[in-house]
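Each remark here refers to the structure printed beneath this line.
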Amino acid sequence: MIFLVNLFFRQIKHLSHKMSKPEVVMVLGGPGSGKGTQCSKIVEKFGYTHLSAGDLLRAERNNPESTVGQLIANYIKDGKIVPVEITCGLLDKAIFASGSDKILVDGFPRNQENVDGWNKQMGDRVSLKFVLFFSCPEEVCTARIMERGKTSGRTDDNIKSLQKRFITYINETMPIVRYYEDLGKVRKVDADRIPEEVFCDVEKLFS
Ligand SMILES: Nc1ncnc2c1ncn2[C@@H]1O[C@H](COP(=O)(O)OP(=O)(O)OP(=O)(O)O)[C@@H](O)[C@H]1O
Ligand SMILES: Nc1ccn([C@H]2C[C@H](O)[C@@H](COP(=O)(O)O)O2)c(=O)n1
Ligand SMILES: [Mg+2]
């Protein structure tokens with residue numbers, strides 16, 4: 001009898017675990033604020049799966065069979081935000097393919113269309129833990145990106161694209177940070193310090 005009761009509760013636990021929604025932390029901040037760098041550290045210390053919207057878009061752009069590759073290439077070079085159907089579709093696929101229940105969504109949502117598309121497609125299927133926001137002055141970010149551009153091979157790591165990315169960030173992404181702030185979801189971290197110091201604050205949010 002005790003064996004059967006134990007088995008029953010083990011099955012319930014197993015099922016509820018399978019049915020629980022992946023927990024998502026969205027990671028926002030200006031170009032070069034250190035989103036990717038800090039995400040790698042979170043992965044290492046806390047076992048999250050890191051999905052960068054920019055990386056997923058670049059992979060899709062580089063896929064010769066993609067029907068939207070050229071469109072993505074144009075948007076990225078111009079520092080504009082790719083239509084949400086594409087980005088959210090890639091994130092959806094990657095989140096559920098990962099099988100992970102702890103996901104970092106890096107660089108998304110970047111505008112109101114991203115928020116609306118996400119809420120519609122993913123709102124009920126994942127649970128938003130918080131939005132990690134890296135605050136960093138534009139001139140610091142610019143210096144970092146120009147340095148990274150010497151070796152990154154990214155088509156948008158040049159001063160012309162970067163200026164456009166910053167305009168997009170100020171005009172379209174900052175209102176989204178404020179939207180989540182009003183919902184009490186934003187955890188702001190000063191990113192204008194060495195990576196290890198930034199991570200000292202980041203890890204407190206996950207511990
Ligand atoms: N705290 C830091 N101090 C100095 N350099 C940093 C710091 N964090 C990251 N970097 C460097 O700055 C560059 C940009 O960092 P990273 O790629 O993490 O930024 P990002 O926010 O993901 O940028 P993007 O939005 O362009 O993808 C990299 O070369 C990285 O090594
Ligand atoms: N939600 C997103 C995220 C990224 N992009 C495009 C436009 C960005 O300038 C580019 C690079 O992103 P990053 O690697 O810097 O995070 O990718 C987008 O359109 N929508
Ligand atoms: Mg990045």
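Start at 1 and go down the list; that is how both ligands and their atoms are numbered.
- Considering backbone and side-chain N/O of Arg165, one or more are found under 3.5 Å from N/O of ligand 1.
- Of the N or O atoms in Asp106, none lie within a sub-3.5 Å distance of an N or O in ligand 1.
- Side-chain atoms of Arg165 do not come within 3.5 Å of backbone N or O of Pro31 as any donor-acceptor pair.
- Where the criterion is an N or O separation shorter than 3.5 Å, residue side chain and backbone included, Ile194 fails it with respect to ligand 1.
- Gln38 does not count as a contact of ligand 1, since none of its heavy atoms falls under 4.0 Å from the ligand.
- Here the heavy atom of the protein found nearest to atom 17 (O) of ligand 2 is Ile76 CG1, 3.8 Å.
- Looking only at side-chain heavy atoms (C-beta outward), Arg58 and Arg154 come within less than 4.5 Å of each other.
- Counting heavy atoms only, Arg144 comes closest to atom 4 (C) of ligand 1 of the residues Arg144, Lys150, Lys41.
- With respect to atom 20 (N) of ligand 2, the closest heavy atom belonging to the protein is Ile81 CG2, 3.7 Å.
- The residue Asp55 has no part lying near ligand 2, judged by heavy-atom distances below 4.0 Å.
- Residues Val84 and Trp118 are not in side-chain contact: their nearest non-hydrogen atoms beyond the backbone lie 4.5 Å or more apart.
- When hydrogens are left out, the protein atom nearest atom 22 (O) of ligand 1 is Gly36 N, 3.0 Å; that is the closest non-hydrogen contact.
- Aromatic ring centroids of Phe130 and Phe206 lie under 6.0 Å apart.
- Heavy-atom separations between Gly54 and ligand 1 are all 4.0 Å or longer.
- For atom 25 (O) of ligand 1, the closest non-hydrogen atom of the protein is Lys35 NZ, 2.7 Å.
- Residue contacts with ligand 1 leave out Ser52, since none of its heavy atoms falls under 4.0 Å from the ligand.
- For the residue pair Pro22 and Phe96, the shortest heavy atom distance occurs at CG-CE2, 3.9 Å.
- Between Asp192 and Cys136, some side-chain heavy-atom pair lies under the 4.5 Å cut-off.
- Nearest heavy atoms, Arg144 versus Ala191: NH2-O, 2.9 Å.
- Of all the heavy atoms of Arg154, the ones lying under 4.0 Å from any atom of ligand 2 belong exclusively to the side chain.
- Ligand 1 is approached by Ser33 to a heavy-atom distance shorter than 4.0 Å.
- Taking 4.0 Å as the cut-off, Ile145 counts as a neighbour of ligand 1 on heavy-atom distance.
- Looking at Arg58 against ligand 2, only its side chain comes within 4.0 Å, counting heavy atoms.
- Among protein heavy atoms, atom 27 (O) of ligand 1 sits closest to Arg154 NH1, 3.2 Å.
- Of all atoms in ligand 2, numbered sequentially from 1 with element shown, those under 4.0 Å from a heavy atom of Asn114 are 1 (N).
- Between Thr87 and ligand 2, no N or O atom pair is found at a separation short of 3.5 Å.
- With Glu23 contributing its side chain and Lys129 its backbone, the two residues share no donor-acceptor pair below 3.5 Å.
- With hydrogens and angles disregarded, no donor-acceptor distance shorter than 3.5 Å links the side chain of Ser127 to the backbone of Lys21.
- The nearest non-hydrogen atom to atom 1 (N) of ligand 1, considering only Glu197, Arg193, Arg148, comes from Arg193.
- Looking only at protein heavy atoms, the nearest one to atom 19 (O) of ligand 2 is Val82 N, 2.7 Å.
- For atom 3 (C) of ligand 2, the closest non-hydrogen atom on the protein side is Gly107 O, 3.2 Å.
- In this structure, atom 13 (P) of ligand 2 lies nearest to the protein heavy atom Arg110 NH2, 3.5 Å.
- Nearest heavy-atom pair across Gly107 and Leu28 is C-CD2, 4.2 Å.
- When atom types are taken as modelled, the side chain of Ser40 and the backbone of Gly36 share a donor-acceptor pair closer than 3.5 angstrom.
- Judged by distance alone, with hydrogens and angles left aside, the side-chain atoms of Lys102 form no donor-acceptor pair with the main-chain N or O of Val43 at under 3.5 Å.
- The side-chain heavy atoms of Pro109 and Met26, taken from C-beta on, include a pair separated by under 4.5 Å.
- In this structure the side chain of Arg61 never reaches within 4.5 angstrom of the side chain of Leu57, judged on heavy atoms.
- Ionic pairing of Arg148 and Asp157 is present here: one or more N-O contacts between side-chain nitrogen and carboxylate oxygen are shorter than 4.0 angstrom.
- Of all protein heavy atoms, the one lying nearest to atom 16 (P) of ligand 1 is Thr37 OG1, 3.6 Å.
- Atom 7 (C) of ligand 2 has Lys80 O, 3.4 Å as its closest protein atom, hydrogens excluded (heavy atom only).
- For atom 19 (O) of ligand 1, the closest heavy atom belonging to the protein is Gly34 N, 3.3 Å.
- Within ligand 1, counting atoms from 1 as listed, the ones closer than 4.0 Å to a heavy atom of Pro31 are 25 (O).
- Here the CD-CD1 distance, from Glu203 to Ile42, works out to 10.0 Å after rounding to the nearest 0.5 Å.
- Nearest heavy atom pair, residue Leu56 against residue Leu91, reads CD1-CD2, 3.6 Å.
- At a 4.0 Å heavy-atom cut-off, ligand 2 touches Leu57 through the side chain alone.
- Residue Gly32 places at least one N or O, backbone or side chain, under 3.5 Å from an N or O of ligand 1.
- Each of the following atoms of ligand 1 lies closer than 4.0 Å to a heavy atom of Gly30: 21 (O).
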